[in-house]
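Heavy-atom basis, side chains included; hydrogens, waters and symmetry copies ignored. Here, residue 1 is the first one in the sequence, and each next residue gets the next number.
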Amino acid sequence: MNTKKSFINLKKISFIILLLAIFLASCKSAGQGGTQKTPQQAYELYKYQDCFLWRIDGVADDGTPSRVYLLGTYHAGDDRGIEFPKCVVDALEESDRFVGELSTPEFNSLSRLSQSKMLQSLLTDLSHTLIDELSQEEIMLLTQYVDSQYLAQLVCFEPWVLNISLQSVLQDAAGLDTNKAYDLMVMDYIEKYKDNRGYEGLDENAQFQIDLIAWGDWDIQMAMLRDTIEYLKDINQAANEMKELYELFLLGDEPAFTELYYSDFDKDMAKSPFYKDYYKQLLNDRNEKWAVKIADYLKEPGTTFVFAGCAHFTGPDSVFAYMRSNGDLLY
């Protein structure tokens with residue numbers, strides 16, 4: 001299976017939701033570095049069956065028990081994802097602190113910042129646009145999925161803007177909707193049942209995520225765009241692979257989910273070497289920072305509920321791998 005087709009779905013971010021994506025990177029080993037702690041300071045990781053929910057029981061700095069729940073989310077979904085499993089509801093009810101990829105204020109700023117980023121990407125010299133670099137075959141293919149007038153507007157921006165629009169086409173073909181994403185369901189639950197107390201953020205700010213969406217120079221963005229266009233040639237196969245990954249998410253099948261992500265991964269990286277740096281910034285670097293933040297929550301009394309893209313918690317360079325490397329989790 002070609003994992004880039006799965007990656008397209010996972011890194012797709014609408015300008016409304018704009019939650020970064022799920023993809024696994026293997027460019028940096030989480031087993032390197034870190035200060036080993038004594039066994040008394042390392043805690044056991046427990047995974048619930050049939051869903052991407054984990055629990056870590058610790059001891060706060062004041063000597064009282066602490067607990068962190070970690071829910072792996074999917075940034076798009078269907079009606080089946082609207083109702084949480086009982087274990088997730090119980091964890092939400094027990095928790096008194098909530099942490100997402102972005103804090104409430106930063107998440108609320110996404111729409112404004114994304115519009116600003118899009119305006120900045122408007123080409124100042126319209127004598128050379130995407131049309132000049134796309135082949136006639138590629139243009140004909142695009143017109144099958146994008147209204148011609150809308151396409152004429154999109155080509156006046158940097159390539160990443162059209163790329164996001166095409167990724168949404170693939171997502172729609174798979175029957176997935178960002179408005180039914182697990183992330184939004186958690187946010188709605190906090191608003192309705194937890195007195196709208198808001199949530200803290202693992203990432204420092206929204207601008208960081210937006211810059212990742214528009215990552216790379218013109219040539220790199222064009223290469224990414226062409227990857228997406230290539231998958232439109234067999235949109236049914238791409239959609240089926242997206243559906244398969246989402247089904248594994250709903251089942252909570254971590255081994256199968258991880259295997260599907262990593263299939264042919266090295267081959268894809270070898271084909272387009274620039275993806276290595278992108279994946280490192282998108283996932284590995286963030287996982288390393290998040291591991292420290294999550295360990296800090298274990299030092300605080302009470303129960304913390306963390307929710308973020310499920311791929312951050314799976315694979316050899318996951319958040320948990322870094323926590324083990326740092327001595328915060330038992331092997």
Side-chain angles (χ1 to χ4, degrees), residues 2-23 25 75-76 110-174 178 206-235 238-239 242 268-283:
N2 191 320
T3 57
K4 274 195 180 176
K5 293 175 182 175
S6 297
F7 166 68
I8 286 174
N9 177 44
L10 292 173
K11 81 169 185 177
K12 186 273 171 187
I13 304 167
S14 73
F15 282 127
I16 299 175
I17 296 183
L18 215 58
L19 286 175
L20 281 177
I22 310 166
F23 195 78
H75 298 322
L110 282 173
S111 179
R112 172 180 56 82
L113 291 174
S114 61
Q115 291 176 18
S116 175
K117 188 71 173 181
M118 185 173 177
L119 289 175
Q120 292 174 18
S121 74
L122 184 63
L123 302 179
T124 56
D125 181 8
L126 295 181
S127 63
H128 180 83
T129 69
L130 294 179
I131 291 295
D132 300 300
E133 298 203 22
L134 295 172
S135 68
Q136 190 64 33
E137 179 186 2
E138 289 171 330
I139 294 173
M140 291 298 294
L141 182 62
L142 289 175
T143 57
Q144 296 180 34
Y145 300 101
V146 181
D147 178 80
S148 58
Q149 292 185 345
Y150 183 46
L151 179 60
Q153 296 175 351
L154 292 177
V155 298
C156 297
F157 294 86
E158 293 175 355
W160 66 269
V161 177
L162 175 57
N163 196 13
I164 287 180
S165 296
L166 296 184
Q167 290 165 14
S168 68
V169 170
L170 293 170
Q171 178 177 276
D172 292 342
T178 51
Q207 189 63 54
F208 166 77
Q209 292 195 355
I210 293 172
D211 290 341
L212 277 176
I213 298 171
W215 185 83
D217 59 20
W218 178 277
D219 291 337
I220 288 177
Q221 289 182 23
M222 279 299 304
M224 288 180 162
L225 173 61
R226 283 199 162 93
D227 283 342
T228 306
I229 293 175
E230 187 68 23
Y231 305 135
L232 290 176
K233 295 179 180 179
D234 194 349
I235 193 170
M242 294 176 190
D268 289 336
M269 297 264 284
K271 177 184 175 183
S272 302
F274 61 80
Y275 276 118
K276 180 177 180 179
D277 291 334
Y278 182 69
Y279 298 156
K280 181 178 182 297
Q281 295 179 46
L282 182 67
L283 236 105

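- Partners of Leu126 according to the side-chain contact (heavy atoms from CB on, under 4.5 Å) rule, which considers only residues two or more places apart in sequence or in another chain, are Leu123, Thr129, Cys156.
- With sequence neighbours excluded, no residue forms a side-chain hydrogen bond (donor to acceptor under 3.5 Å, both in side chains) with Gln221.
- Within the 4.5 Å cutoff, the side chain of Phe208 has no heavy atoms near those of the Gln281 side chain.
- Leu141 and Ile229 make their closest contact through CD2-O, 3.4 Å (heavy atoms, listed as atom of the first residue, atom of the second, distance).
- Every residue two or more places apart in sequence or in another chain was checked for a salt bridge (charged side-chain N to carboxylate O under 4.0 Å, His left out) with Asp172, and none qualifies.
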Would Glu158 and Leu130 satisfy side-chain contact (heavy atoms from CB on, under 4.5 Å), going step by step from the backbone distance to the final call?
-> CA-CA 8 Å; Glu158 293 175 355; Leu130 294 179; over 6 Å; no

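- Using a 4.5 Å cut-off on side-chain heavy atoms (C-beta onward), Ile213 and Lys117 make no contact.
- Not counting sequence neighbours, the partners of Glu133 by the side-chain hydrogen bond (donor to acceptor under 3.5 Å, both in side chains) test are His128, Trp218.
- Under the rule for a side-chain hydrogen bond (donor to acceptor under 3.5 Å, both in side chains), Asp219 has no partner lying at least two apart in sequence or in another chain.
- In terms of the salt bridge (charged side-chain N to carboxylate O under 4.0 Å, His left out) criterion, residue partners of Glu138 (sequence neighbours excluded) are, by chain and number, Arg226.
- Rounding to the nearest 0.5 Å gives a distance of 3.5 Å between OG1 of Thr228 and CG of Asn163.
- Classification of the Tyr275-Tyr279 ring pair by plane angle, with boundaries at 30° and 60°, yields parallel.
- Looking at Gln149 and Gln153, their side chains never come closer than 4.5 Å, going by heavy atoms from C-beta outward.
- Taking 4.5 Å as the limit, some side-chain heavy atom of Val161 sits within range of a side-chain heavy atom of Met118.
- Residues forming a salt bridge (charged side-chain N to carboxylate O under 4.0 Å, His left out) with Glu230 (at least two apart in sequence, or on another chain): Lys233.
- The side-chain hydrogen bond (donor to acceptor under 3.5 Å, both in side chains) check on Asp125 picks up Ser127, with sequence neighbours excluded.
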Worked verdict on Leu162 versus Phe157 for side-chain contact (heavy atoms from CB on, under 4.5 Å) | CA-CA 8 Å; Leu162 175 57; Phe157 294 86; over 6 Å; no

May I have the step-by-step check of side-chain contact (heavy atoms from CB on, under 4.5 Å) for Gln144 and Leu232, ending in yes or no?
-> CA-CA 10 Å; Gln144 296 180 34; Leu232 290 176; over 6 Å; no

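- Note that the OG atom of Ser165 and the CH2 atom of Trp160 stand 9.5 Å from one another [nearest 0.5 Å].
- Partners of Val146 under the side-chain contact (heavy atoms from CB on, under 4.5 Å) rule, at least two apart in sequence or in another chain, are Tyr150, Leu151, Leu154, Leu166.
- Between Gln209 and Leu113 the shortest side-chain heavy-atom distance does not fall below 4.5 Å.
- Residues Asp132 and Val155 fail the side-chain proximity criterion, which asks for heavy atoms closer than 4.5 Å.
- If you take CZ on Phe274 and CG on Asp277, they are separated by 10.5 Å, rounding to the nearest 0.5 Å.
- Using a 4.5 Å cut-off on side-chain heavy atoms (C-beta onward), Met269 and Pro273 make no contact.
- Applying the side-chain contact (heavy atoms from CB on, under 4.5 Å) rule to Ser116 yields the partners Gln120; only residues at least two apart in sequence or on another chain are considered.
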